[in-house]
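Chain naming here is simple, since letters A, B, ... match the order of the sequence lines and numbering starts at 1 in each. These numbers come from a predicted model, not from an experiment. All values below come from the heavy atoms of this structure, side chains included, with hydrogens, waters and symmetry mates left out.
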Amino acid sequence: MNSKQVNLLQGTLDLLILKSLGAAELHGLGISRRIEQMTQGTFLVKPGSLFPALHRMEEAGWLSSFWGESENRRRAKYYRLTKAGKGQLVVETQEWKKISLAMNSALEAT
Amino acid sequence: MRWWQTRKRDADLERELRSDLELEEEEQRDNGLSPDEVRRAAYRAFGNTTLIREHVHEAWGWAPIERLLQDARYALRQLWRSPGFSIVAMMTLAVGIGATTAIFTLVYDVMLRPLPFAQPDRIVTIEEKVAEWSNLYPTLPVSANHFTFWQQHNKSFDSMALMQQFSVPLGAPGHPLQVEALSATPGIFSVLQVQPALGRTFTVDEAQRGHEHVAILTYDLWREQFGGDPGILGKTISLDGFPYSVIGVMPQSFHMPSIQTMDTLGTTNHPLPIGVLVPLTFSKERLAEEMGDLNYFGLARLKTGISVAVANEELNALQHTISANLPADEKATLSAAITPFQEKLVGSNRKPLMVLLAAVMGLLLVGCVNVTNLLLSRAVSQKRQMAVAAALGASRAELVRMAIRETAVLAVLGGGLGVLLAACIVPSMQRYLPPALDFRGALHLDWAGVGCAFLLATLATLAAGAAPASMVSRTAPQEVLHNDSRLASESPRSRRARRALVAIEAAVSVALVLMTGLLTASLVKLMAVDRGFTTERTIAATVELPSEGYHDRQHRAEFYRDVLQRLNRLPGVEHAAFTSVLPLTGGGWGDMARISGDSRPVTQLPLENFRSVSPQYFSAINLPLIAGRFFSESDWGKNLALVSQKTASSLWPGKDPIGQQFSRGDPATEKPFTVVGVVSDARTVSLAKPDPMLIYVPYWYRVEPMAGLVIRTRQDPSEMADMVRQTIWSVDRGVPVPTVRTLSGMVADSVANQRFEKDLLLFFAVSALLLAGLGVYGVLTYSVAQRYREIGLRLALGAQRPSVYWLVLRDGLLPVAIGAVAGVALAFGSARVVGSLLFQISPYDPVLSIGAVGVLLAVCISACLLPAWRAAAVDPMRALRTE
C-alpha cells in the first residue's frame, strides 16, 4: 500500500468484500475495482491481501466461487455471496455502524 | 478444505491468479502501453504471485501440513547425503523396534489379551490345598465331594463347574480319529457364559450317571468331520466306542484353552484343540469319597463386586468346615486357592517372558542411545548451518524442528522396517506359546503390536532427538559465526552428555551379556547334570488304548505283554519296556504308602509318586539296581514293588527295605505290596531337581489307557521308529501310536523353552555389544577429529606417541568402565527374578560377572584402537599449519 492510502482497519476488508459482492458476482480484479469505486479511491486492495481474504472467506462458507466468463470473453473465477455470507454482511454492517457512531461521538465530544 | 485435495486446489488457485493477471494486463493495454510494458506494469500492480499463493495456503489452513511435507523432504535429502549414517541408524532402530514389538506381541498374547469369554476377569480357577501334602503338591485339583459342598453353600460365585480333559477316539473302530474331549459339569456354560449355536446345553438329568451319553461338538469339529451337517442334532456319534447323541454345536467363536489336572499334568502338551464337550458325572462312591479323588479342574464365575480375596476367604471357611467333619482316619487341613483363569494359564511362563521383555527393551535403549550419539555428532557439525539459520531469523521452535526432523524421519523409517521385521518374526514364535494358551489360532502381528511399534518409534524420536535439539536450541549465532570453525570444539557439556550415553550403553550391554552368560551356563549345567538314566540308542513311544476292547486293566496288561514280547524278539532291540509315564513328561500318580503296622490317618502318611512299569524298564534306561532284584514276567499277578533310594531311606530308615510290606489305601481290603528291590535316585520328573520319593509297581497291577514304551536298541534308533509302530499294529491295527521319538530328543525338548530364552538373549546381547562398540568408536573418532590441533600441539611440544595413544584410550574407556560397573550392579539388582530361572548357578557368579565385563572391555578396546591409532599418527606440522 502506498502512503496516500488509508490503512484498512482490521476486519474492514471482509466487510468491503462482502459489500462489493452484495449487488453482483465479481472476479478478483472486479472486487478490487469495485471497492476502489465504492470508496472513491480511498481503499486500494492489492491482490496480496485480496486473494488470501477471499479464500479465507470461502473456507468460512460466506462466499462461493465458480469459473465464468469475463466481459472480454476471458475465463475468470467469480465469487458470490452465500446465504451465510449475506447474513454475515448484515451482522458486520450493523457492527460497523455501531463502531463508526461511537467513534464519531467520541471525536465530537467536547 | 481437505488436505488431500491440495494439488487440485492449488492448480485452481494458480489458474485464478493467472486469469486475474491477464485481466489486469488487458486493462493496462487499454491504457495504450506496449506489450512488454503491459506485462511489467501488470506484474507490478499484482505483486508477488508466489507470496500470494503462500498466503492463500495459510488461509486454507494447510501450512502445518505443507511444512511437515517440506520437513520430510528436507530430512530425506539430508539423510540421502550421508547414506552410511542413515542406514546404520535406521537398521539400529528397526532391529530394536522390531524385536521389541515381536516380544511384546508374544507377551501381550500370553498375559494381557483377554480370554475370549464374557467378562473374562471374573472367571477364576479353584484349587485345593492340603497342608499335609504341601511339600509334594502345593496345590491339588478339586474333589467332587468338596465341590458339591461348595456349590451348596457359597455366596461368592455365580456359577461353578468341574472338568477334565482327555483324548478319545471318535468314529468307527479301525481308523478312529483322536479328538480332545472336555468332560464338564453343566455349570460350565454359565461360567464361561456361552451357549451352543445349535441345540442346547446339558440338562441336570444328563449330569447323572447313566444319562451322560450326550455330546456337544465344537464348530470346527462339526465343519471338518460332519461337513457342517445342519441336521446333526439327535444323530449318534461314537466316542471311545460308546454311542453319544449329539445335542448341540458350539458357536464358531468358542475356543477353550487346554486345562491340566493331575492326570494330564505334564504328561502331554495337548496340541489339539478341544473338539467335543460331554457331561462330567460322578458315581455315588466318588461323591462320598471325602479325601480321595482330588482330580478335577475347578472353574467358577465370581459374582459382580466380589474380589478374588473375598471369595478365597469364603472358600477357606467352607474348607475348614469340611476339615472339621472329616473322619478320624482321614484328618487333613484343607484350604483353597483361587487364581484368575488367565493367570493360571500363564503359570510359570510369566517370569521368563518378563525377563525377555526387559532384555529386548534394553537392546532398544542401547539402539536409541547410539542413534542419539550419532545425531549429536551430526548436530555439532551442523552447528554453523544452524547458526546461520538463527542469524537469518529462524525462531527457536523452528531450530528445534530442524534438529528433530531427521530423527523423526529415521524413526518413521526404522519403525516401518521394524513392523515388517516383527511381522516376519511373530508367526515363528507360535511354538513358544505355553500350550495352555495356544488355543486362539495363529499368532500374528495385530493392532496391539503395531500400536506398540508406533509408540516405540515416537519414544525413540523423543529420546534420540531431545539431546541434539536442546543443544541446537541453545545455539548463540554470533559466537559460532565469529569463531573460526576450525577452532570451535565441542562444548564440555555436550562431551559429558556423550560420555554418559556411552556409559548407559556399556551398562545395558554388560547386564545383557551377564544374563545371557548365566542362562547359558545354567542350561549347560542342566544338560550335563547326572540324570541317573541314559538316553543313548533309546526310543520312546506313546500309545493310547481305546476303551473299546480294552475297558479293563486285564485286557490292557495283556495287550502290552504281547507287544513287549514281540518287540523284545526284534533283532535290533536290547530292551523294550512299558512305563506309565515316560521320563521327563510327568511324575506319575500320587499316592500314600502305608507301612504294615502304621495306623496313622491317611493324610498323615507320606506321599509318593507311583509308576507302573514292566520288568525291563530299569535296564532300558539304565537305572541302576542298588539292592534286591527287579521283578520279572514270571511274577505276573503278584503285588511286588521296587522303591527308589529316597523312598527306602524315608520309609524304612536304618532297616533293610527288601521284603518290607506296604499297602495303598485300606490294608484290610487291599493286598499289600512286597518290596523286592531298590533302584537309585534319578531325575526323571524334571532335570532341574531330584525326583521325589518314587515307587515302581508292575504293569500287571495297573495300566492306564495312555502309556509309554521305552525301547533300547542296538543300532541307530531313528531307523527303528517304523518297526516299533508296525510291531504294535501287528498286535492290534486299531491302536493309535501318537508319537515315536528318541529319548534324547525328549530330554532336549524338556529344556526347549530355556534354550529359546537363551538364544533370544544371546541375540540381544550380541546386538547390544556391537552397538556399544559402535558407540564408543563413533564418539572417539569424533573427539579425535575435534582435538586434531590439540594433539598436534602436544606432539610438537614433545609428547610421546604412546602417551597420545593412552590419552585417547583413556578417554574412550573411562565411561565404558563406569558403565560396566553400573551394568553389573543392574544385573545383581535383578538377581531375584533372574535367579529363579537359573539352575545350580548363582546370579552373583563372580567368574561370569568378570567375564561379561571382560567381553565388553574387549569389544570396546578394539573399537578404540582405530581412533587411537589415528590420533597417534597425527603429523604435528600439518596439524598446526591448518591454522
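- Chain B is approached within less than 4.5 Å, heavy atom to heavy atom, by A/Ala76, A/Lys77, A/Tyr79 from residues 76-93 of chain A, ordered by number.
- Contacts between B/Leu21 and chain A at a heavy-atom distance below 4.5 Å are absent for every atom of the residue.
- Within the 4.5 Å cutoff, the side chain of A/Phe51 has heavy atoms near those of the B/Glu16 side chain.
- Note that CG of B/Leu23 is 9.5 Å distant from CZ of A/Arg33, once rounded to the nearest 0.5 Å.
- Here the NZ atom belonging to A/Lys46 is positioned 12.0 Å from the CG atom belonging to B/Asn48, to the nearest 0.5 angstrom.
- The minimum heavy-atom distance linking A/Pro47 with B/Ile52 is given by the pair CB-CD1, 3.7 Å.
- Heavy-atom distances place both the backbone and the side chain of B/Arg15 under 4.5 Å from chain A.
- How far CG of B/Asp20 is from OG of A/Ser32: 9.0 Å, rounded to the nearest 0.5 Å.
- Sequence neighbours left out, not one pair with a member in residues 379-423 of chain B passes ring pair (Phe, Tyr, Trp, His ring centres under 6.0 Å).
- With chain B as the partner, the residue from A/Ala53, A/Gly30, A/Ser65, A/Gly48 showing the most heavy-atom pairs under 4.5 Å is A/Gly48.
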